[in-house]
Amino acid sequence: DYFMACRKSAAGGDHLASAALAGLHEVLDGKKEIFSLEYACHSSQIKRWFNMTVRSLASNPCQLVVTHIDITAHRVLLAATEDKIMHEHALLMAIDSVGHGIWDWNPRTDSVHFSPQWKAMLGYADHEIGDTLDEWQKRVHPDDLPGALRDIQRHLDGEVATYRNEHRLRGKDGRWRWVLDQGKIIERDFEGRPQRFVGTHTDVTWHREASDQIIKLTQAVEQNPHAI
């Protein structure tokens, strides 16, 4: 029970649990359509970060779907590029090798470096995708593009500390893949204008499809409670 667990931790002074509890209530009360929260889940052997997303069922707003996605690669990328704790090329290769696509965008020139894994995630070879923002933009689902561009602009304008958006990208085979797109401005010119915006793509298709199946199953049970 998420509410019980969050209440117990919040009572003990856990600020993240308090934030999660508040977010659950905001979605449940209809104040937000989606709530997301990043949190750490470290052990003595490894440090990991996750993103918790909460959505309500369209058929029954009193029921919630909660998913957790591993975003460790994204957090490591941002920490390393900001703190220079690791040779950048080696870092990008390491993150790319574990299945997270990387993009490195210059907002002033619109040139973008898409990593080999970013392209492979959509079924393309390295040479089949160029180095302009349009390569991403033309593959975004038309229903998702306005929201993605809006969230990018909010970060460019300084309204939010990081960029985050979930949207669909069309693969080479014509199928849509859901991605969790996250990034941050890490370099500005002498006038303060963004000139390097770096981020990651994480394939979350399985998570979205699982959520959709839960929603469909719940709706089916509600419509015919004796079917199962």
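The analysis underlying the following values was restricted to heavy atoms, covering all of them including side chains, and did not include hydrogens, waters or symmetry mates.
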Quiz item: Which pairs count as salt bridge (charged side-chain N to carboxylate O under 4.0 Å, His left out) when at least one residue sits in residues 111-123, sequence neighbours excluded?
Solution: K119-D126
Quiz item: Is there a chain of hydrophobic side chains (I, L, V, M, F, W, Y, each step under 4.5 Å between heavy atoms) that links F114 to L149?
Solution: yes
Exercise. Mind checking salt bridge (Lys or Arg N to Asp or Glu O under 4.0 Å) for R188 and listing every partner two or more places apart, or none if nothing turns up?
Key: none
Exercise. Before accepting this row, confirm whether a basic side-chain N of the pair R196/D104 lies closer than 4.0 Å to the acidic partner's carboxylate O.
Key: yes
Quiz item: Have T205 and D203 got a donor and an acceptor in their side chains that come within less than 3.5 Å?
Solution: yes
Exercise. Assign the ring pair Y39 / F50 to parallel, tilted or perpendicular, where the plane angle (0 to 90°) is split at 30° and 60°.
Key: parallel
Quiz item: Just one of D181, V112, L122 clears the side chain to side chain contact (heavy atoms under 4.5 Å, CB included) bar with W136, so which one?
Solution: D181
Quiz item: Is there a donor-acceptor pair under 3.5 Å between the side chain of E128 and the backbone N or O of A125?
Solution: yes
Quiz item: Is the gap between the ring centers of H113 and W103 under 6.0 Å?
Solution: no
Exercise. Give a yes or no on whether the backbone of D110 and the side-chain of N106 come within a donor-acceptor separation of less than 3.5 Å.
Key: no
Quiz item: Could E166 and R164 be called an ion pair, given the rule that one side-chain N must be under 4.0 Å from one carboxylate O?
Solution: yes
Quiz item: When you measure from the side chain of D134 to the backbone N and O of Q137, does any donor-acceptor pair fall under 3.5 Å?
Solution: no
Quiz item: Between D14 (side chain) and L16 (backbone), is there a donor-acceptor pair under 3.5 Å?
Solution: yes
Quiz prompt | Under 3.5 Å: donor-acceptor pair, side chain of H155, backbone of V160 | solution = yes
Quiz item: Does I34 share a hydrophobic cluster with V54, counting links as ILVMFWY side-chain heavy atoms below 4.5 Å and allowing steps through other members?
Solution: no
Quiz item: Within a reach of under 6.0 Å around NZ of K31, are more than 12 heavy atoms found that belong to other residues, nucleotides or ligands?
Solution: no
Quiz item: Do the side chains of L37 and V66 join up, straight or via other hydrophobic residues, at under 4.5 Å, putting them in one cluster?
Solution: yes
